[in-house]
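Remember, predicted model here, so these are calculated numbers, not experimental data.
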Amino acid sequence: MVHDFLETLIPKRAQIVPLVTTEERTLYEAQILQPNNLRLQATSEDNFRFDILGTPKSAWNKSAARIFAGLAIRQLVLPNNLQMFNAISKAFETYLYSIIRRYKISLKSAEQKKHIRSKFAHYGRKYQLFHRRRYISYAFQPLQKHSSMLEQLGIDGMSSDESENEDNQQEYQILAPVWRAPQIAPWLRIFDTIHNIFRTAGDSNALRGAFPHRRIWTSKKSKSQKYVPGLPHNVYDQSWIERQQLTEYFLHPSPTLYDFSHHPNIIQYVYSVSMPNLKITFN
């Protein structure tokens with residue numbers, strides 16, 4: 001709602017053009033400190049402006065959020081109460097984070113923009129991968145015992161990838177986290193295979209979104225140094241742990257060992273319904 005209504009006030013492309021100068025923002029911040037100016041608004045309904053050079057929660061933008069909320073309630077004929085007013089104001093401030101980020105990206109070079117787009121796409125694939133596995137861990141009863149461990153691994157515990165063009169087809173080579181134990185990959189592939197089976201069978205939730213992209217298993221490791229702390233000791237690659245300094249202080253591995261085995265019936269089930277397209281892994 002905030003996105004659409006804001007475009008009626010300021011076109012999307014104009015939203016990343018500074019509408020407020022630093023001098024105007026500084027002057028307003030000084031004015032509202034005066035006793036008689038506590039209700040002074042930074043902008044107006046007729047000349048609505050927000051500040052992308054400042055922060056989403058600056059005094060100017062908080063004032064803009066109040067003006068925006070009043071306009072939205074009146075023009076969209078929404079309930080005129082404090083709860084609605086506060087909800088719209090907060091949503092506007094949240095949306096400003098996105099606008100300010102877009103503005104900062106617009107200032108970067110073409111090469112920097114390309115890198116940022118690649119980074120966002122890269123994270124998006126990890127996000128989708130995690131949530132596919134998460135969904136199937138709850139939807140398929142024999143996998144439910146592993147739901148908690150999957151939640152602990154989170155998005156950062158998933159493999160990343162790098163793209164390649166093979167015969168004019170986009171493929172992604174799997175890059176497993178350098179800190180993750182080798183046994184985790186085959187454990188996770190079962191989630192992917194079951195998800196693929198559900199999707200092939202026409203499960204409405206598994207069918208949401210595009211089909212998983214083609215990911216090819218390699219022995220390469222991710223270059224990212226980010227890891228998930230506090231997991232059971234056998235989640236971590238032991239040679240990686242030995243190379244770390246102050247492991248106990250930063251990593252906090254749990255001394256318990258997690259059982260990553262799947263029930264034999266699951267393995268049997270996977271083989272019994274295996275299809276040619278299931279040979280592709282999505283780990």
Just by modelled atom types, is the [Y] backbone N or O under 3.5 Å from a matching donor or acceptor in the [X] side chain?
{"X": "Gln141", "Y": "Ala139", "value": "no"}
{"X": "Gln238", "Y": "His233", "value": "yes"}
{"X": "Arg49", "Y": "Thr43", "value": "no"}
{"X": "Ser63", "Y": "Ala59", "value": "no"}
{"X": "Gln152", "Y": "Leu231", "value": "no"}
{"X": "Asn61", "Y": "Phe50", "value": "no"}

Taking the ring of [Y] and the ring of [X], is the distance between their centroids below 6.0 Å?
{"X": "Trp187", "Y": "Phe260", "value": "yes"}
{"X": "Phe68", "Y": "Phe5", "value": "yes"}
{"X": "Phe92", "Y": "His3", "value": "no"}
{"X": "His131", "Y": "Tyr127", "value": "yes"}

**Asked** Under a 4.0 Å N-O cut-off, is there an ion pair linking Arg132 with Asp192?
**Response** no

**Prompt:** To the nearest 0.5 Å, what is the distance between CZ (Arg133) and CZ (Arg189)?
**Reply:** 9.5 Å

**Request:** Before giving the answer on side chain to side chain donor-acceptor pair (under 3.5 Å), spell out for Ser159 and Arg180 the whole-Å C-alpha distance, their side-chain angles and the decisive distance to 0.1 Å.
**Result:** CA-CA 9 Å; Ser159 299; Arg180 210 177 66 186; 3.3 Å; yes

State whether a side-chain donor-acceptor pair under 3.5 Å links [X] with [Y].
{"X": "Ser239", "Y": "Asp237", "result": "yes"}
{"X": "Arg134", "Y": "Ser147", "result": "no"}
{"X": "Tyr138", "Y": "Glu151", "result": "yes"}

**Request:** Decide whether Leu82 and Val2 are clustered together by the hydrophobic rule: side chain heavy atoms of Ile, Leu, Val, Met, Phe, Trp, Tyr closer than 4.5 Å, transitively.
**Result:** no

**Request:** Flag yes if Val17 and Val20 sit in one hydrophobic cluster, no otherwise; membership is Ile, Leu, Val, Met, Phe, Trp, Tyr, and two members link when side-chain heavy atoms are under 4.5 Å apart.
**Result:** no

**Message:** Applying side-chain contact (heavy atoms from CB on, under 4.5 Å) to Leu188 and Leu150, what does each step give before you reach the verdict?
**Reply:** CA-CA 9 Å; Leu188 287 170; Leu150 194 62; 3.7 Å; yes

**Request:** Step by step, work out the side-chain contact (heavy atoms from CB on, under 4.5 Å) result for Leu153 and Val235.
**Result:** CA-CA 9 Å; Leu153 277 169; Val235 174; 4.0 Å; yes

**Asked** Any side-chain hydrogen bond (donor to acceptor under 3.5 Å, both in side chains) pairs touching residues 82-110, not counting sequence neighbours?
**Response** Lys57-Glu93, Ser109-Gln112

